[in-house]
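Taking it in order: structure first as structure tokens, then the write-up.
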Amino acid sequence: MATPPRVRFAPSPTGYLHIGGARTALFNWLYARRHAGKFILRLEDTDRERSTEESVQAILDGLRWLGLDWDEGPGVGGPVGPYFQTERLDLYRREADALIGGGKAYRCYCTKEELEERRRVFEKQKRPYKYEGTCRNRTDIPPGRTAVVRFRMPEVDETLTYTDEVLGRISKQTSDLDDFVMLRADGIPLYNFGCVVDDHTMDITLVVRGQEHINSTFPQLMLYRALGWTPPAMAHLPLILGPDKEKLSKRRHPEADVMLHRSNGILPEALVNFIVRLGWSHGNDEVISREQMVAWFGFDHVGSTSGVWNPEKLLWLNQHYLKTLPPLDIGARLLPFLAARGVDAARDPRLERIVLALRERSKTLVEMADLARPFFVRVPVDPKAAAKHLDHAGKRALALAREALHAVQPWTTLGIDAALKSVSEAAGLGMGKVAQPVRVATMGIPVSPPIGETLELLGKVESLERIEAALAS
RNA sequence: GUCCCCGUCGUCUAGAGGCCCAGGACGCUGGCCUUUCAAGCCGGUAACACGGGUUCGAAUCCCGUCGGGGACACCA
């Protein structure tokens, strides 16, 4: 590409950032970074009923959490702003007027009720609804009515074809298209029109969006022609499906919410890695760093088949990143999850070692926080674990362990292990018969890192006190 | 219903006519390791939707069937 590409992500602020949008944003971002182009963020806030300021914030927060920074858009500005559609109304009005002047669009005075009526008739006859052109050649102005602006679809049928960067050649007959509404009476544009005017005036060179928009590219192509503009290249991404194989939607699929994953203890690195592999591949690579994605990304390896959301693989990736990112970094991210459990570990010097000990037995930060909590606060002993490991035999072993542990000096993993081993040998018990009662007594649950390490991290005084308490109960 | 897109293991995918009686990953599963749970290591399971062509040769090209999804608003 001769000039640096300009791509955009254009969400409508009618809710949180969802997974499909996040992936669209990611692919746009990757493409821009790969080719040293610009990634533009534009808010399509033309649905007055559903657009909210909170949604705008939620989307920006989501993008930031994923590390997808934009070169132009809200907060950073840019040369072709404003970046909210409701702030560009004069632009749409101007182009609409020009189209009307050239006979390529016209004012339509039909009411919503009349249109609804016609739609019902079509439905009854099982025909696809198309606007019938009632106002196409109207010259009078009906009193007391407001006018929307409709596109005048040419009479002659024609095969419209364009080459999609992902799908290849795609065609449609213009006779399947109708005189769609471009502008509402109040001057607020509808999707097709606002999108075309903005993509053009923002110098977008490539439109990357979901396949659900594939049909709308045809009316848009007609708009480009009528306006005398060259359309940008198009890349339509395969859909992401829920476990039920239907398009991932906010209504039916809670996992569509990007930020839900954050609160579930998923790392953005894992989510991005997971999402990028939903539709794009690079040979047999599964774990792909941000740098590699940027270096490798291209639409030639974006597939054309929809992908199903696979939570197990996300968890696997998440654990991979838990295990490979710097433990101090993970520790910092674990803090809020601990705080939610009443633990302030911000200044605890054991944090890094605890992460190290727990990361291979945690799939999420939530699990890690749950496993970490007993290191910071005493938790009640789980009754089931107590019944199994703190019965008569268990307590006898525990009592022996207490004596041996008392003598351990210094309090290190090695020393603790040696002490417990001597107990198991002296009593003729398997190591498990000694370690499990100790583990349950100190941690409250039968799961923790190796016992020596667990006790060392817990500290000698605390360990012995907890053992004492368990013996007393 | 109409139009558009798609169809390789349960899932994500590699595959751009011979390298494929189809490879990797997740999952599931057998084993090893082991003081718990994991992690790790070794092995296994499982797919080219179907039917016609084209070709010496097709998962790869063409046609049809079936199946799946998406779009059909003064939503985006």
Side-chain angles (χ1 to χ4, degrees), chain A residues 10-14 44-47 49-51 108 110-112 115-116 119 122-123 125-131 146 148-150 164 166-168 170-173 176-178 180-186 188-192 194-195 209-218 236 238-239 241 243 245-247 274 277-287 300-301 303-317 319 323 358-363 371 385 389 417 420-421 424 429-436 438-440 443 445-452 454:
Chain A
S12 66
T14 54
E44 306 209 332
D45 56 346
T46 54
D47 184 333
E49 270 87 66
R50 297 193 300 146
S51 294
C108 168
C110 295
T111 64
K112 284 182 188 173
L115 262 16
E116 190 48 47
R119 209 188 318 280
F122 273 81
E123 209 162 292
Q125 296 172 184
K126 289 188 179 275
R127 286 196 296 152
Y129 172 76
K130 279 173 64 178
Y131 178 66
T146 55
V148 301
V149 178
R150 281 187 188 271
D164 194 277
V166 173
L167 267 10
I170 299 178
S171 319
K172 197 177 186 82
Q173 295 301 121
D176 289 331
L177 272 24
D178 75 346
F180 58 92
V181 175
M182 296 160 38
L183 212 59
R184 295 181 176 95
D186 59 7
I188 293 186
L190 261 69
Y191 172 65
N192 282 141
C195 180
R209 77 228 304 191
Q211 260 179 37
E212 71 268 24
H213 286 117
I214 214 160
N215 281 305
S216 58
T217 108
F218 295 100
H236 286 93
L239 265 14
L241 272 26
K245 309 243 169 131
E246 303 233 5
K247 186 177 131 186
F274 175 70
R277 286 285 294 105
L278 225 43
W280 174 76
S281 62
H282 182 268
N284 283 335
D285 295 309
E286 295 291 346
V287 174
D300 47 341
H301 282 281
S304 43
T305 62
S306 309
V308 175
W309 184 260
N310 179 191
E312 285 80 22
K313 190 153 182 179
L314 207 214
L315 288 172
W316 174 76
L317 276 166
Q319 182 165 36
K323 286 190 300 186
L358 258 25
R359 64 184 189 177
E360 54 200 34
R361 51 207 107 219
S362 315
K363 292 202 179 299
L371 290 175
H389 298 292
D417 278 339
L420 293 180
K421 196 159 178 72
S424 94
L429 295 169
M431 192 56 173
K433 293 288 180 200
V434 178
Q436 280 308 82
V438 173
R439 193 185 316 272
V440 170
M443 302 303 280
I445 50 174
V447 174
S448 88
I451 195 65
T454 296

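Order of the sequence lines sets the chain letters (A, B, ...), proteins ahead of strands, with each chain counted from 1.
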(request) Whole angstrom is fine here: how far is it from CD in A:Gln211 over to C1' in B:rA71? (result) 11 Å
(request) Return no unless some side-chain N or O of A:Lys433 is found under 4.0 Å from OP1 or OP2 of B:rU36. (result) no
(message) In whole Å, measure the gap between the P atoms of B:rA14 and B:rU54 for me.
(response) 30 Å
(request) If B:rC28 has a Watson-Crick or G-U wobble mate with both distances under 3.5 Å, name it; if not, just say none. (result) B:rG44
(request) Taking A:Ser424 for its side chain and A:Lys421 for its backbone only, find out whether a donor-acceptor pair lies under 3.5 Å. (result) yes
(request) Provide, to the nearest angstrom, the distance between the CG atom belonging to A:Asn192 and the C1' atom belonging to B:rC74. (result) 13 Å
(message) Taking pairing as Watson-Crick or G-U wobble with both contacts under 3.5 Å, can you name the mate of B:rC33, or confirm there isn't one?
(response) none
(message) Please report the distance, rounded to the nearest Å, between CD in A:Gln319 and C1' in B:rC37.
(response) 12 Å
(message) For A:Ser51, is there any backbone N or O sitting under 3.5 Å from a side-chain donor or acceptor partner on A:Asp45?
(response) no
(request) For A:Asp417, answer base if it contacts any base atom (sugar-phosphate contacts may also be present), sugar-phosphate if it contacts only those atoms, and nothing otherwise; contact means non-hydrogen atoms under 4.0 Å. (result) base
(request) Would you please confirm or rule out a distance under 4.0 Å between OP1 or OP2 of B:rA73 and any side-chain N or O of A:Arg119? (result) yes
(message) The test is side chain to side chain contact (heavy atoms under 4.5 Å, CB included); show your working for A:Leu167 and A:Ile214 and say whether it passes.
(response) CA-CA 10 Å; A:Leu167 267 10; A:Ile214 214 160; 3.3 Å; yes
(message) From C-beta outward on A:Lys323, which listed nucleotide comes closest to its side chain: B:rG27, B:rG69, B:rG40?
(response) B:rG40
(message) Base, sugar-phosphate or nothing for A:Ser448? Non-hydrogen atoms, less than 4.0 Å.
(response) base
(request) Give one of base, sugar-phosphate or nothing for A:Leu317, where a contact means two heavy atoms less than 4.0 Å apart. (result) nothing
(request) Check whether any side-chain heavy atom of A:Thr217 sits under 4.5 Å from a side-chain heavy atom of A:Arg209, and report yes or no. (result) yes
(request) Pick the P atom in B:rG23 and in B:rG64, then give their distance to the nearest Å. (result) 32 Å
(message) Taking the minimum atom-to-atom distance to the side chain of A:Glu286, which one of B:rC4, B:rG24, B:rG69 wins?
(response) B:rG24
(message) Base, sugar-phosphate or nothing for A:Ser216? Non-hydrogen atoms, less than 4.0 Å.
(response) nothing
(request) Between B:rU11, B:rU36, B:rA73, spot the one nearest the side chain of A:Arg439, thanks. (result) B:rU36
(request) For A:Leu177 and B:rC3, give me the distance from atom CG to atom P, rounded to whole Å. (result) 14 Å
(request) Scan every strand shown for a Watson-Crick or G-U wobble partner of B:rU55, both distances under 3.5 Å, and answer none if you come up empty. (result) none
(request) Quickly work out the A:Trp309 CH2 to B:rC26 P distance and round it to whole Å. (result) 18 Å
(request) Would you indicate what A:Gly279 reaches in the nucleic acid, counting non-hydrogen atoms under 4.0 angstrom: base, sugar-phosphate, or nothing? (result) sugar-phosphate
(request) Give one of base, sugar-phosphate or nothing for A:Cys108, where a contact means two heavy atoms less than 4.0 Å apart. (result) nothing
(request) Counting heavy atoms from C-beta on, name the nucleotide in B:rA39, B:rG70, B:rC12 closest to the side chain of A:Lys313. (result) B:rC12
(message) Can you tell me which nucleotide in B:rU11, B:rC6, B:rA71 comes closest to the side chain of A:Leu167?
(response) B:rC6
(message) Within the structure provided, determine whether A:Trp316 and A:Asn310 are in side-chain contact (heavy-atom separation under 4.5 Å).
(response) no
(request) Tell me which nucleotide among B:rA38, B:rA14, B:rC74 gets nearest to the side chain of A:Ser281. (result) B:rA14
(request) Please state the C1' separation for the pair B:rC61 and B:rA71 - nearest whole angstrom. (result) 29 Å
(request) Looking at every strand, decide which applies to A:Lys421 at a 4.0 Å heavy-atom threshold: base, sugar-phosphate, or nothing. (result) nothing
(message) Looking at B:rA16, which nucleotide sits across from it as a Watson-Crick or G-U wobble partner, both distances under 3.5 angstrom, or is there none?
(response) none
(request) Flag yes if more than 12 heavy atoms outside A:Gln173 fall under 6.0 Å of its CD atom; otherwise flag no. (result) yes
(message) Can you check the distance between B:rG10 and B:rG17, where both ends of the measurement are the C1' atom (answer in whole Å)?
(response) 30 Å
(request) Mind calculating the distance between NE2 (A:His301) and C1' (B:rA14) to the nearest angstrom? (result) 10 Å
(request) Decide, yes or no, whether a salt bridge links A:Glu360 with A:Lys323 under the criterion of side-chain N to carboxylate O below 4.0 Å. (result) no
(message) Other residues, nucleotides and ligands only: do more than 12 of their heavy atoms fall within 6.0 Å of NZ on A:Lys130?
(response) yes
(message) Between C1' on B:rA39 and CZ on A:Arg359, what's the gap in Å once rounded to a whole number?
(response) 10 Å
(request) Identify the nucleotide, in any strand shown, that forms a Watson-Crick or G-U wobble pair with B:rG1, with both distances under 3.5 Å; if there is none, say none. (result) B:rC72
(request) Indicate, with a heavy-atom threshold strictly under 4.0 Å, whether A:Pro243 touches base, sugar-phosphate, or nothing. (result) nothing
(message) Heavy atoms only, 4.0 Å cut-off, all strands: where does A:Lys112 land among base, sugar-phosphate and nothing?
(response) base
(request) Please determine if a side-chain N or O atom of A:Lys245 lies less than 4.0 Å away from the OP1 or OP2 oxygen of B:rU11. (result) yes
(request) Between B:rU36, B:rU11, B:rC6, spot the one nearest the side chain of A:Gln436, thanks. (result) B:rU36
(message) Heavy atoms only, 4.0 Å cut-off, all strands: where does A:Ser362 land among base, sugar-phosphate and nothing?
(response) nothing
(request) Between B:rA22 and B:rU60, how far apart are the C1' atoms? Round to whole Å, please. (result) 12 Å
(request) Please tell me which of the listed nucleotides, B:rG69, B:rA76, B:rC12, lies nearest to the side chain of A:Asp47? (result) B:rA76
(request) Answer with base, sugar-phosphate or nothing: what part of the nucleic acid does A:Val181 contact at a heavy-atom distance below 4.0 Å? (result) sugar-phosphate
(request) Check every strand shown and say whether A:Pro11 touches a base, only sugar-phosphate, or nothing at a heavy-atom separation below 4.0 Å. (result) nothing
(message) Please report the distance separating the C1' of B:rU13 from the corresponding atom of B:rA46, rounded so that it comes out in whole Å.
(response) 15 Å
(message) Rounding to an integer number of Å, can you tell me how far A:Leu371 CG sits from B:rC37 C1'?
(response) 9 Å
(message) Measuring from the side chain of A:Asn215 (C-beta onward, heavy atoms only), which nucleotide among B:rG69, B:rG70, B:rU35 has the closest atom?
(response) B:rG70
(request) Describe the nucleic acid contact of A:Ile451 in one word from base, sugar-phosphate, nothing, applying a heavy-atom distance below 4.0 Å. (result) base
(request) Establish, with yes or no, whether the OP1 or OP2 oxygen of B:rG69 is under 4.0 angstrom from a side-chain nitrogen or oxygen of A:Thr305. (result) no
(message) Which is more 5' along RNA chain B, the nucleotide nearest A:Gly452 or the one nearest A:Asp300? Just name the residue.
(response) A:Asp300
(request) Select base, sugar-phosphate, or nothing to describe what A:His236 touches, counting heavy atoms under 4.0 Å on all strands. (result) nothing
(message) Side chain of A:Leu278, heavy atoms from C-beta onward: which of B:rC12, B:rC74, B:rG69 has the nearest atom to it?
(response) B:rC12
(message) Checking the side chain of A:Thr454 only, and the main-chain atoms of A:Pro449 only, is there a donor and an acceptor separated by less than 3.5 Å?
(response) yes
(request) Please determine, for B:rC66, whether a Watson-Crick or G-U wobble partner exists with both distances under 3.5 Å, and give it or none. (result) B:rG7
(request) Might you work through the side chain to side chain contact (heavy atoms under 4.5 Å, CB included) test for A:His236 and A:His213, ending with a clear yes or no? (result) CA-CA 8 Å; A:His236 286 93; A:His213 286 117; 4.2 Å; yes
